[in-house]
Amino acid sequence: MLRRGLRLLSTASHDPYNCLISAVQPPLLVKKSGILAGLKYVAKDNICTTELPTTCGSAILSNYTSPFDATVVSQLEEEGLTLVGKGNLDEFGMGLSTMFSHFGASVNPLFVEKRICGGSSGGSAAAVAGGLADFALGTDTGGSVRQPASYCGIVGFKPSYGRLSRYGVVAYGQGFDCVGILANDVATTKKVFNVLNRHDSKDITSMSETTREKVREASRPITGRKLRIGVPEEFLLSEVHQKTIEQVESILHKLIEQGHTVVATSVPSMGRLLSAYYTLATVEAASNISRFDGIRYGKSTSTTDLSSLISGDALIRKNRSAGLGREVQRRLILGNYTLSAESGDNFYRATKLRGKLVQEFNDILSFPNFLTNLPANEAACDVLIGPSASDKAPLMSEYESEVKRNFLNEYVNDVYTVPASMAGLPAISVPCEDRAYGIQVIGQYGDDSTVLDVAQLIESLNSSI
Amino acid sequence: MIPKKLQNWKPEKGFPFKCGLEIHTQLLTKHKLFSQSVNVPNCAPNANTSFFDLAFPGTFPKLNPEALLLALKAAAALDASISTTSSFDRKHYFYFDQPLGYQITQRFRPLARGGHLQLSKDYDDVLSDKLINIEQLQLEQDTAKLNYDDYDSLVSIDLNRANVPLIELVTKPDFENLLQVRAFIKKYLGLVSHLGICSGDLENGAMRCDVNVSVAGGDRVEVKNLSSTSEVMAAAAYEYKRQVAQLKESIPVEQETRSWTGTKTVRTRSKEDAVDYRYVPDTELPFVHLDPSIADLIRAQLPEFPETVVRRLRNAPYGLEKKYAKFLVESPLHLEYYYKLHSIIVGEHKQPSKVVNNWFVHELLGAFNKLGLSPDFTMLPAEKYAALILLVQNKEVTSTSAKLLLLAMLQPSEEIAEMSVEEMVDHYKLRNAAEAETGDLKTAVEEICKEIIEENQDAVEKIKAGKHLSIKFLVGIAMRTTQGKVDPKLFDETFKNLIYNE
């Protein structure tokens with residue numbers, strides 16, 4: 001599969017990095033008014049657009065065009081923005097490399113040698129890093145915006161769960177999925193966020209107006225404040241590359257020099273999160289992806305065998321076996337196993353751990369969590385900081401052989417990004433001084449503005465040298 | 001009425017019959033359960049489908065509060081205990097009729113649990129009173145409808161039915177004989193249609209039923225997807241007989257799922273290859289939180305139950321026969337019309353109740369029936385009909401004329417649309433001849449009769465030869481000639497006089 005992907009890359013791609021699955025040809029004229037005037041953007045190909053197909057990087061949807069636009073797309077359209085194309089991704093968002101796409105792998109524009117651009121929003125990240133777009137929309141389920149942003153040397157922001165509308169976003173794990181923003185700088189990210197940051201009645205999981213109001217009232221800008229920054233010790237795994245630690249530490253030092261306080265802290269559940277995350281996310285995926293049967297839309301194998309129709313599932317089985325890639329099938333089997341009666345209470349235990357994690361974050365973050373409605377811990381941290389990934393982007397060839405040796409290697413890289421996803425917290429990856437490395441800022445649920453402000457502060461520290 | 005076959009149906013000695021029901025009924029909502037598409041049966045295939053009904057990616061379910069309210073009414077009517085927190089779950093299976101790949105239902109926290117329905121000897125067709133307990137009541141989606149065309153090797157999928165709201169009622173296995181099963185289904189459907197929860201329209205698949213049968217404490221066998229009361233009866237009777245026969249040969253009955261072919265039940269799945277539905281909470285739908293007082297609030301707003309209404313209709317001042325009382329209760333519009341008619345004729349004009357009963361049940365409904373129309377009471381307001389009936393009661397119009405006029409009023413006609421009953425009577429010259437001078441009438445009648453006798457000599461010969469009944473033939477002609485304005489008795493007497501006395 002990977003090999004076929006690389007071949008596709010050299011022949012059928014719309015751009016040197018194969019970061020777009022489809023592109024608007026010729027590019028439309030740019031309207032010049034409004035705060036986002038003149039900006040071009042790419043939407044990940046699991047975000048529905050009427051203008052271009054929405055394939056989710058999958059064979060089964062390779063002929064699918066949505067009859068409606070996602071809310072986030074309509075919101076940008078209202079600002080007069082131009083969609084230039086649809087970003088490549090790991091099929092249905094299942095991956096961390098954008099190697100697992102029916103349309104071939106995307107290449108990281110940051111390097112001369114062929115390195116992966118991360119995933120699953122790899123196409124979106126590469127489009128921004130490669131200069132094809134001013135910003136891109138991605139989706140982040142367990143790190144799919146932050147990790148590719150880190151690998152491609154750009155900013156990747158996953159807002160609080162429910163901040164941006166998911167209407168028209170093809171669900172992977174609906175309890176985790178967030179629309180995220182990828183851009184070259186925090187300023188652009190903020191501008192786009194301000195446009196999209198609205199309640200949407202079409203999305204039942206959209207953050208309510210009441211919660212938004214409470215958050216607004218509690219928010220304070222960081223200018224002139226001395227911040228308390230926590231570094232969870234669980235982030236400093238032995239897997240973290242020395243160079244990554246150096247890059248993150250350098251930023252922490254500069255923050256301390258500015259008078260901010262950096263403290264070691266702990267989120268004990270973090271160590272056990274990955275298995276819980278994959279339990280829950282694959283369960284949701286197995287359920288959500290059930291609808292792709294090639295019957296009402298999407299690719300179907302033709303059949304003239306009535307008995308296969310009458311038996312009902314034969315045609316569906318054929319369509320799904322042919323239309324879904326291997327990694328997707330693997331995760332669906334995993335999810336369906338957890339769902340099955342024999343698997344015991346894995347789902348329940350994973351859900352419980354999630355609750356515990358939220359509590360642990362509440363204990364160390366000072367901003368109140370308006371979902372749990374417990375009193376805030378004033379003495380705690382404004383934000384948490386850690387690496388976005390263990391290292392810079394691996395070489396495509398290395399990555400391919402590692403995953404081939406053990407497919408679980410594809411899963412472990414989520415370890416830095418999954419905690420914020422599991423707790424629904426806003427988190428951003430900002431390039432370090434060496435743009436091949438990313439630093440991650442995590443804030444309390446709803447406190448997106450502090451996360452963005454701290455990210456901008458870090459960005460300014462990089463350029464101040 | 002109890003069919004003879006069922007009246008004599010009894011479990012065999014030593015093989016007690018145990019049975020439970022799962023009844024799915026479609027709710028009479030304007031829109032579907034989780035989308036804005038309208039919920040109407042009998043329209044062009046796939047005409048009422050939204051992006052969500054078709055399971056397009058990126059869409060979300062949104063609970064229709066109307067469906068919730070109707071389900072709550074059913075729960076309240078059955079005295080079930082309504083959950084203060086209920087939620088939705090996904091039940092997974094792949095099939096053409098299931099666009100999402102799962103059905104949204106309520107597995108872990110159903111809307112209501114418990115409750116009961118009392119079958120009474122007096123009201124229901126059962127031989128003794130029996131209380132049937134309810135296990136639970138839940139909201140769920142209907143599936144798409146599949147049409148198999150063997151000839152062209154085609155399966156067509158009609159998604160109009162997909163996402164139509166259903167309530168599933170699960171009873172305890174309390175039924176001891178088939179009469180109880182039949183009475184329960186009839187009573188339950190009568191109740192939900194009386195309350196406007198469900199159309200009760202079995203022809204259009206408004207109900208589907210699964211029946212669980214076990215014999216002598218053995219494993220239960222479920223027969224799925226029965227779409228009428230008679231199918232449920234036939235399947236349960238067959239299944240009982242099959243299990244008894246098997247037990248008599250000492251072959252244990254296994255837990256399994258069967259389906260009904262129209263003549264017998266056949267195995268669909270054994271316990272071993274039962275489908276694992278992989279239930280999981282649907283996190284795209286918020287919990288339904290209800291105030292504990294909601295059951296009382298809803299119960300207070302429910303109309304009277306059919307049984308109460310029937311009891312009242314059977315007693316003074318209505319005095320309707322049981323079957324007509326039950327018939328009226330099945331349609332709120334019929335009942336409303338009947339009450340109005342009754343209040344004018346009996347209440348205001350002090351006529352006997354049987355006049356209303358006769359003119360409503362036999363004449364009005366009969367007339368609709370004769371014209372091949374389904375009753376539409378807007379064609380004849382109760383006030384207008386009452387005026388006509390009162391004219392008959394006051395002997396201003398013969399009942400024959402009134403019946404003719406009734407038929408005319410039920411057929412659209414510009415000529416009489418704007419007329420009052422009085423005007424119509426005059427227009428058609430139907431005012432009772434009794435009002436005219438008696439002497440004049442007699443002469444006029446004699447003249448008409450003589451003319452008819454002249455023209456029908458062969459009939460007259462027959463009558464003279466002893467076929468006295470043929471006189472009715474002549475009366476008929478006379479009535480037609482006079483458009484029913486004259487009392488037929490008067491014609492009868494005059495003919496007899498003229499024929500026998502000459």
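Throughout, a chain's letter reflects where its sequence line sits, starting with A, and its residues are numbered from 1.
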Show the nearest heavy-atom pair for residues [X] and [Y], with the distance to one decimal.
X: His92(B); Y: Ser287(A); result: NE2-OG, 2.7 Å
X: Pro99(B); Y: Arg296(A); result: O-NH2, 2.8 Å
X: Ile316(A); Y: Phe94(B); result: CG2-CD2, 4.0 Å
X: Ile204(A); Y: Glu284(B); result: CG2-O, 2.7 Å

*Heavy-atom count around Lys73(B) NZ within 6.0 Å, excluding the residue itself: above 12?*
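No, because the 6.0 Å sphere around NZ of Lys73(B) holds 12 heavy atoms or fewer from other groups.
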*If you count the non-hydrogen atoms of other residues, nucleotides and ligands that lie under 6.0 Å from NZ in Lys145(B), is the total more than 12?*
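Check fails, neighbour count at 12 or below.
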*With a 4.5 Å cut-off on heavy-atom pairs, point out which of Gly168(A), Ala171(A), Ala70(A), Ser343(A) contacts chain B the most.*
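The option with the most such pairs is Gly168(A).
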_Heavy-atom pair count under 4.5 Å with chain B, highest-scoring of Asn336(A), Thr205(A), Thr338(A), Val283(A)_ =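 Of Asn336(A), Thr205(A), Thr338(A), Val283(A), Asn336(A) has the most heavy-atom pairs under 4.5 Å with chain B.
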Which bit of [X] is near chain B, if near means a heavy-atom gap under 4.5 Å: side chain, backbone, both or neither?
X: Asp203(A); answer: both
X: Thr71(A); answer: neither
X: Val169(A); answer: backbone
X: Arg166(A); answer: both

*Lys202(A) side chain to Thr59(B) main-chain N or O, any donor-acceptor pair under 3.5 Å?*
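Side chain of Lys202(A) to backbone of Thr59(B): no pair is present.
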*For the pair Arg278(B) and Ser340(A), evaluate side-chain hydrogen bond (donor to acceptor under 3.5 Å, both in side chains) and give the outcome as yes or no after the intermediate values.*
CA-CA 5 Å; Arg278(B) 293 162 287 134; Ser340(A) 70; over 6 Å; no
Heavy atoms, side chains only, cut-off 4.5 Å: are [X] and [Y] in contact?
X: Ile295(A); Y: Gln98(B); answer: no
X: Ser290(A); Y: Leu100(B); answer: no
X: Pro57(B); Y: Phe92(A); answer: no
X: Phe96(B); Y: Asp293(A); answer: no
X: Thr283(B); Y: Glu284(A); answer: yes
X: Tyr102(B); Y: Arg291(A); answer: yes
X: Phe56(B); Y: Ser66(A); answer: no

*Classify the angle between the aromatic ring planes of Phe60(B) and Tyr167(A) as parallel (below 30°), tilted (30 to 60°) or perpendicular (above 60°).*
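Phe60(B) and Tyr167(A): tilted rings.
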*Heavy-atom distance under 4.5 Å to chain A: side chain of Tyr93(B), backbone, both or neither?*
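Neither the backbone nor the side chain of Tyr93(B) comes within 4.5 Å of chain A.
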_Side chain, backbone, both or neither of Leu146(B) within contact of chain A (heavy atoms, under 4.5 Å)_ =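 Interface part for Leu146(B): neither.
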